[in-house]
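Report on the structure given below.
Sequential numbering from 1 along the given sequence is applied to the chain's residues. Predicted, not measured: the structure shown is a model, and the values here were computed from it.
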Amino acid sequence: MECDALIVDAPYGERTHGGHDYAVADPERHARGKGYAPSDRRALNYAGWTPTDVQAFVNHWSPRTRGWMVSITSHDLAPVWAEAMEAAGRYVFPPLPWVAPGSRIRLAGDGPSSWTCWIIVGRPRKGSDRDGRPFSKWGTLPGAYVITSDRGSHIGGKPLALMEALVRDYSRPGDLVCDPCAGYGTTLAAALRQGRRAIGSEMDPETHARGLEYLDRNGRARDLFEAVEQVTAAQELPW
């Protein structure tokens, strides 16, 4: 399989996951004497990524991505993503901040909160998009995204407005946008709303089911595995 653009919000680094889970495990300790209410954070149901995970992901997907690779990540993994894309032969730009004012507080009360995640983008050094425009001639793109979080009930989810902006900036109408860590399908919904085609995957069954419901409300969804099962049952395999 190949795609025109890969836009992913993969698991963040182990340090970021550890800080989140520590606050979930002992919220009273964080709140005591700091003027904060106990944390209402929910535990993550997936592990943080290591540099080895990032490198394996980029090595697999870079040759399968004709255009831009875009990854939202934590500060500790941002340089790892950049180095992995560079090693895969891509031209990588300085990290772009996504700032969501007020989105997170530091529950320990011992320093500044982090309202920022980092976006690493890399394009092919050579080649053109489907319209024949060289990737090096796409023009100047935004240097930051300041978009308030609207994650709702989905742990780790990203605002639809942010994902639509990334889809607009790093793909063209009609392109196939891929998100291998689709979660509730926000990237896929953004792609459909922007006139792109979309494909993604999610390993957690509950999240996958809720993602299909979300896509039904924000575009259209087709479960490829379910479709294959239906075709197989009818003995009408197209290959």
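Residues Trp61 and Val92 are members of one and the same hydrophobic cluster, defined by side-chain heavy-atom contacts under 4.5 angstrom among Ile, Leu, Val, Met, Phe, Trp and Tyr. Trp118 and Val121 fall into different hydrophobic clusters, where Ile, Leu, Val, Met, Phe, Trp and Tyr are joined by side-chain heavy atoms under 4.5 Å apart, directly or via other members.
Minimum interatomic distance between Phe135 and Lys126 (heavy atoms only, all atoms of both residues): CD1-O, 4.2 Å. Across all their heavy atoms, Val8 and Leu6 have their closest contact at CG1-CD2, 3.7 Å. The heavy-atom pair separating Tyr12 from Leu77 by the smallest distance is C-CD1, 3.8 Å. Listed here is the closest heavy atom pair of Ser171 and Ala5: CB-CB, 4.0 Å. Scanning all heavy atoms of the two residues, the minimum distance from Val177 to Ala191 falls at CB-CB, 4.0 Å. When all heavy atoms of Ile72 and Cys117 are compared, the pair lying nearest together is CG2-CB, 4.1 Å.
Arg125 is not listed as a side-chain neighbour of Arg90, based on a closest heavy-atom distance of 4.5 Å or more. The shortest distance between side-chain heavy atoms of Cys3 and Arg64 does not fall below 4.5 Å. A heavy-atom distance below 4.5 Å is not found between the side chains of Val146 and Trp115. For the pair Asp204/Glu202, a side-chain contact is recorded, criterion being any heavy-atom separation below 4.5 Å from C-beta on.
Cation-pi geometry between Arg172 and Trp138 is satisfied (NZ or CZ under 6.0 Å from the ring centre, within 45° of the ring normal).
Using cut-offs of 30° and 60° for the angle between ring planes, the Trp49 and Phe57 rings count as tilted.
Under 3.5 Å, the side chains of Tyr145 and Asp169 contain a donor-acceptor pair of N or O atoms.
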Take Ser71 and Met85 through the test side chain to side chain contact (heavy atoms under 4.5 Å, CB included) and record every step on the way to the result.
CA-CA 10 Å; Ser71 171; Met85 289 189 196; 4.3 Å; yes
Evaluation steps, side chain to side chain donor-acceptor pair (under 3.5 Å), between Arg123 and Tyr91:
CA-CA 5 Å; Arg123 60 165 169 78; Tyr91 187 91; 5.6 Å; no
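Between the CG atom in Asp179 and the NZ atom in Lys158 there is a gap of 10.5 Å [rounded to 0.5 Å]. Taking OG1 of Thr73 as the start and CD1 of Ile120 as the end, the distance is 7.0 Å to the nearest 0.5 Å.
Considering Arg196, Arg130, Arg197 in turn, Arg130 is the only one that fulfils the salt bridge (charged side-chain N to carboxylate O under 4.0 Å, His left out) rule with Asp175.
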